[in-house]
Amino acid sequence: MGTNERINYCIRKIRKGQKQYFEELFNITNKKILFYARQYLVDKQKAEDVVNEVYIKFCENIEIIDTEKNVMNWLIKVTKNMAINYNRKDKLWNCSDIDDYKERNIRVESNFEDSIIIKDCIMGLNEEEQKLFYLYYIEDRTMREIAKIIDKSKSMVFKNIKKLNAKLKNYLEEVDN
């Protein structure tokens with residue numbers, strides 16, 4: 001059974017009152033949703049808050065979610081919209097002090113622009129590099145853990161992370177110029 005089928009299966013079970021299937025659905029989707037939230041929010045705690053809100057919205061809408069369509073895409077779209085709204089709310093909240101308005105507003109816009117630049121950078125990586133990026137930077141895994149997950153030696157993981165860092169650095173330097 002593929003991911004989409006498993007998600008749809010869980011939704012059908014949850015609709016029938018079998019709430020324990022929410023945990024399975026959460027386990028299937030959580031890492032990907034958090035990854036997308038982190039694309040738009042630099043702060044990990046804020047991204048986790050957005051993920052929690054996504055699942056609340058999911059529960060509120062479970063009866064009307066169309067399982068004929070890709071539910072994972074729905075979750076990702078909701079995540080993206082909530083993360084962008086969270087940035088907007090944060091920007092408005094930061095404007096409350098008139099004396100610091102300009103400085104704070106610039107800082108918030110800069111963080112949002114930085115997160116978009118980082119997203120573009122990540123999307124420019126191949127699938128293996130994205131997985132390595134996700135495991136190392138998002139999940140904060142050790143090189144030993146990554147080696148076990150991707151079935152490569154620790155030294156190979158170290159070399160690949162070093163190459164990844166160089167690639168990311170080059171991309172960010174190009175963007176600055």
Side-chain angles (χ1 to χ4, degrees), residues 1-15 18-90 111-152 157 160-161 163-165 167-168 171-172:
M1 188 182 304
T3 302
N4 290 329
E5 291 85 14
R6 286 178 53 210
I7 291 170
N8 289 338
Y9 178 78
C10 290
I11 291 172
R12 286 192 298 276
K13 293 295 188 178
I14 294 167
R15 286 177 178 164
Q18 298 176 2
K19 303 297 182 195
Q20 68 271 21
Y21 282 92
F22 179 80
E23 184 177 346
E24 183 178 342
L25 180 124
F26 180 83
N27 290 334
I28 296 167
T29 59
N30 181 52
K31 287 181 183 178
K32 195 167 193 176
I33 298 303
L34 180 59
F35 177 77
Y36 278 94
R38 291 293 307 268
Q39 300 290 313
Y40 296 92
L41 296 160
V42 176
D43 184 279
K44 186 175 183 179
Q45 183 59 49
K46 288 179 183 178
E48 289 173 353
D49 291 345
V50 165
V51 170
N52 288 336
E53 289 178 36
V54 167
Y55 286 109
I56 290 169
K57 186 169 185 88
F58 171 81
C59 290
E60 292 171 348
N61 292 286
I62 192 148
E63 294 300 325
I64 60 171
I65 292 174
D66 186 359
T67 55
E68 296 297 315
K69 296 183 179 174
N70 188 327
V71 177
M72 192 68 205
N73 286 344
W74 183 88
L75 289 167
I76 290 168
K77 187 173 186 176
V78 171
T79 302
K80 175 184 173 185
N81 292 337
M82 285 188 168
I84 289 170
N85 286 339
Y86 207 100
N87 275 322
R88 288 180 186 146
K89 278 191 253 179
D90 194 35
N111 285 342
F112 184 65
E113 288 170 8
D114 288 348
S115 67
I116 291 173
I117 289 168
I118 291 168
K119 178 186 175 194
D120 288 343
C121 183
I122 293 167
M123 298 316 267
L125 301 174
N126 66 40
E127 191 175 328
E128 187 176 313
E129 291 169 332
Q130 285 182 5
K131 184 173 185 176
L132 192 61
F133 180 89
Y134 180 78
L135 292 169
Y136 189 71
Y137 290 106
I138 306 299
E139 290 192 355
D140 201 25
R141 298 216 183 224
T142 66
M143 290 192 200
R144 178 172 287 138
E145 290 172 324
I146 295 169
K148 189 174 182 179
I149 291 168
I150 65 173
D151 196 30
K152 294 199 176 181
V157 169
N160 289 343
I161 288 174
K163 285 180 190 177
L164 178 64
N165 285 337
K167 191 171 185 176
L168 294 171
Y171 179 83
L172 294 173

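Computation of the quantities below employed the complete heavy-atom set of this structure, encompassing side-chain atoms and omitting hydrogens, waters and symmetry-equivalent molecules. Count residues from 1 along the sequence.
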Quick one: salt bridge (Lys or Arg N to Asp or Glu O under 4.0 Å) partners of Lys152, sequence neighbours excluded? Glu128

Restricting to side chain to side chain contact (heavy atoms under 4.5 Å, CB included), what partner residues turn up for Phe26, sequence neighbours left out? Phe22, Asn30, Tyr55

With a 3.5 Å cut-off and sequence neighbours excluded, list the donor-acceptor pairs that the side chains of residues 62-73 form with protein atoms.
| from | atom 1 | to | atom 2 | distance (Å) |
| --- | --- | --- | --- | --- |
| Asp66 | OD1 | Glu68 | N | 2.9 |
| Asn70 | OD1 | Met72 | N | 2.9 |
| Asn70 | OD1 | Asn73 | N | 3.2 |

For Tyr136, all residues meeting side chain to side chain contact (heavy atoms under 4.5 Å, CB included), sequence neighbours excluded: Met143, Ile146, Ile161

Residue set satisfying side chain to side chain donor-acceptor pair (under 3.5 Å) with Asn52, at least two apart, ordered chain then number -> none

Does any part of the side chain of Val50, heavy atoms only, come nearer than 4.5 Å to the side chain of Tyr36, both counted from C-beta? no

Taking side chain to side chain contact (heavy atoms under 4.5 Å, CB included) as the definition, give me every residue that meets it alongside Gln45, ordered by chain and number, with sequence neighbours left out. Asp43, Glu48, Asp49

Those residues that, when tested against Lys77, pass side chain to side chain contact (heavy atoms under 4.5 Å, CB included) (two or more places apart): Asn81

Please check if atom CD in Glu23 has more than 12 non-hydrogen atoms from other residues, nucleotides or ligands closer than 6.0 Å. no

Set of salt bridge (Lys or Arg N to Asp or Glu O under 4.0 Å) partners for Lys167, sequence neighbours left out: Glu129

Partner set under salt bridge (Lys or Arg N to Asp or Glu O under 4.0 Å) for Lys32, not counting sequence neighbours: none

For Tyr134, enumerate each residue passing the side chain to side chain donor-acceptor pair (under 3.5 Å) test, keeping only those at least two apart in sequence or located in another chain. Glu139

Go through the structure and list residues passing salt bridge (Lys or Arg N to Asp or Glu O under 4.0 Å) with Glu145, not counting sequence neighbours. none

